[in-house]
Protein chains: 2
Amino acid sequence: MGAPSPSSKHDVFQAIADPTRRKLLSLLGDREMPVTAISGHFPMSRTAVSKHLHILADAGLVKERKVGRETRYRLDPEPLLELKRWLSYYERFWENKMAALKHYVESEDSKDTDANKTDIQ
Amino acid sequence: MGAPSPSSKHDVFQAIADPTRRKLLSLLGDREMPVTAISGHFPMSRTAVSKHLHILADAGLVKERKVGRETRYRLDPEPLLELKRWLSYYERFWENKMAALKHYVESEDSKDTDANKTDIQ
DNA sequence: TTGACATGAAACCAAATGGTGTCATATAAT
DNA sequence: ATTATATGACACCATTTGGTTTCATGTCAA
């Protein structure tokens with residue numbers, strides 16, 4: 001029953017690039033919703049919203065479920081883990097930056113002690 | 001000293017959407033590099049790489065520094081904090097999902113104890 | 001000063017993106 | 001049976017995107 005294969009031509013990074021799609025995600029986090037109800041929250045056509053939903057589904061960020069004549073969508077946060085993993089790689093960098101900044105601030109008194117080395121900007 | 005105002009027309013989400021730009025970020029994390037050296041790592045023209053660098057700079061993800069006739073770029077991870085903050089909002093969702101999954105797995109023996117409530121897909 | 005190098009800027013192009021409106025179809029309600 | 005609702009599938013369009021090549025300019029080296 002596991003996901004057959006991603007095969008998506010849309011990745012998470014591209015999926016969340018659009019502000020409308022990010023808003024969709026936050027909307028669908030709380031509750032499952034059918035397309036028409038969803039599109040009521042956006043200043044664009046239902047068709048446009050539907051296309052965004054398909055892109056999100058393609059990236060695995062939402063799941064769809066047919067209920068009678070409507071298709072209900074809801075958030076699947078799982079692919080965000082990839083983003084989290086990607087981001088975590090950069091944590092050491094901003095930790096470094098914070099450390100450099102801290103060092104800079106703390107050496108306020110001894111200003112001219114090879115300050116250029118810190119290389120903040 | 002603080003950034004006067006972003007005024008960037010490119011936000012972080014859009015900046016990291018492109019795989020080339022993500023590769024650029026990882027390349028510039030380690031060391032500051034001039035454009036030509038950078039573009040040697042990519043199967044496209046120097047001009048194309050330069051445009052990607054401008055987009056990253058516009059999003060605040062890289063800083064440029066003129067040194068003689070060359071422009072050196074390096075990573076500035078700071079804007080990634082916005083991404084981290086955005087992501088953190090969704091942590092509760094995948095924690096929920098994991099909890100549901102855990103509950104599902106643990107109730108393997110007592111299978112028919114209102115299983116539908118968990119709503120796993 | 002003459003030439004080589006590093007880069008940015010501009011003009012251009014194909015494809016992707018984000019929208020629109022119309023139509024067909026499946027389901028629900030009268 | 002007929003009508004209304006919910007949606008997907010299309011065809012279409014303007015703008016953005018990601019790439020190209022060419023040219024101008026500033027800097028370093030001989």
Side-chain angles (χ1 to χ4, degrees), chain A residues 6-28 31-75 79 121, chain B residues 6-28 31-75 79 121:
Chain A
S7 84
S8 49
K9 54 179 189 294
H10 293 109
D11 59 62
V12 187
F13 294 94
Q14 198 230 337
I16 66 164
D18 186 273
T20 298
R21 289 196 288 268
R22 290 199 298 277
K23 197 181 162 194
L24 276 168
L25 291 181
S26 74
L27 191 62
L28 297 173
R31 55 201 174 290
E32 185 183 65
M33 289 174 76
V35 179
T36 303
I38 296 170
S39 77
H41 291 72
F42 296 85
M44 64 186 70
S45 71
R46 175 190 52 79
T47 309
V49 171
S50 182
K51 283 212 257 180
H52 282 301
L53 286 169
H54 283 307
I55 290 172
L56 289 173
D58 200 26
L61 284 163
V62 299
K63 295 301 178 199
E64 36 177 284
R65 184 169 67 105
K66 287 289 203 90
V67 176
R69 61 182 157 181
E70 55 188 30
T71 308
R72 298 186 187 160
Y73 287 87
R74 69 179 218 282
L75 175 70
Q121 204 279 49
Chain B
S7 83
S8 49
K9 55 179 186 295
H10 293 109
D11 58 65
V12 187
F13 294 94
Q14 199 230 335
I16 66 163
D18 185 272
T20 299
R21 289 196 288 269
R22 290 199 298 277
K23 196 181 163 194
L24 276 168
L25 291 181
S26 75
L27 192 61
L28 296 174
R31 54 202 174 291
E32 185 182 67
M33 289 173 75
V35 178
T36 302
I38 296 171
S39 78
H41 292 72
F42 295 85
M44 65 186 72
S45 72
R46 173 191 53 78
T47 309
V49 172
S50 182
K51 284 211 256 180
H52 281 301
L53 286 169
H54 283 307
I55 290 171
L56 288 174
D58 200 26
L61 283 164
V62 298
K63 294 301 177 199
E64 35 178 285
R65 183 168 67 104
K66 288 290 204 89
V67 177
R69 59 182 158 179
E70 56 188 26
T71 308
R72 298 184 187 162
Y73 286 86
R74 68 179 219 281
L75 175 69
Q121 199 280 45

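Each chain gets a letter, A, B and so on, in the order the sequences are listed, and its residues count up from 1.
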Just how far, in rounded Å, is [atom2] of [N] from [atom1] of [X]?
X: E70(B); N: dG8(C); atom1: CD; atom2: P; value: 11 Å
X: K66(A); N: dT5(D); atom1: NZ; atom2: P; value: 19 Å
X: M44(A); N: dT20(C); atom1: CE; atom2: P; value: 7 Å
X: R69(A); N: dA4(D); atom1: CZ; atom2: P; value: 12 Å
X: K51(A); N: dG19(C); atom1: NZ; atom2: C1'; value: 7 Å
X: H54(B); N: dT7(C); atom1: NE2; atom2: P; value: 11 Å
X: L53(B); N: dT7(C); atom1: CG; atom2: P; value: 10 Å
X: L56(A); N: dT17(C); atom1: CG; atom2: C1'; value: 14 Å

Mind checking if [X] touches a base, just sugar-phosphate, or nothing, with heavy atoms under 4.0 Å?
X: R21(A); answer: sugar-phosphate
X: F42(B); answer: nothing
X: S45(A); answer: base

For a quick test of reading the model: is some side-chain N or O of [X] closer than 4.0 Å to OP1 or OP2 of [N]?
X: T71(A); N: dA6(D); result: no
X: Q14(B); N: dT16(D); result: no
X: S50(B); N: dT7(C); result: no
X: H52(A); N: dT17(C); result: no

message = Between D18(A) and G68(A), which residue's closest nucleotide on DNA chain C lies nearer the 5′ terminus?
response =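 Looking at DNA chain C, the more 5' nearest nucleotide goes with D18(A).
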request  = Select from I55(A) and R72(B) the residue whose nearest nucleotide in DNA chain C is closer to the 5' end of that strand.
outcome  =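 Of the two residues, R72(B) wins.
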key: Among dT17(C), dT22(D), dT7(D), the nucleotide that comes nearest once only the side chain of T47(B) is considered   =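 Given the options dT17(C), dT22(D), dT7(D), the side chain of T47(B) is closest to dT22(D).
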ask   = When you measure from the side chain of V35(A), which nucleotide among dT7(C), dT17(C), dT7(D) comes out closest?
value =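 Nearest to the side chain of V35(A) among the choices is dT7(D).
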Exam field: side chain [X] to backbone [Y], donor-acceptor pair closer than 3.5 Å:
X: R74(A); Y: L28(A); value: no
X: R21(A); Y: A15(A); value: yes
X: K23(B); Y: H41(B); value: yes

Residue pair L53(A) / T71(A), side-chain heavy-atom distance below 4.5 Å =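 They are not in contact (no side-chain heavy atoms under 4.5 Å apart), so the answer is no.
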key: No-H, no-angle donor-acceptor pair, R46(A) side chain to dG21(C) base, under 3.5 Å   =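 Counting by modelled atom types and ignoring angles, no donor-acceptor contact under 3.5 Å is found here.
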query = Under the side chain to side chain contact (heavy atoms under 4.5 Å, CB included) criterion, do V49(B) and Y73(B) qualify, and how do the steps go?
reply = CA-CA 12 Å; V49(B) 172; Y73(B) 286 86; over 6 Å; no
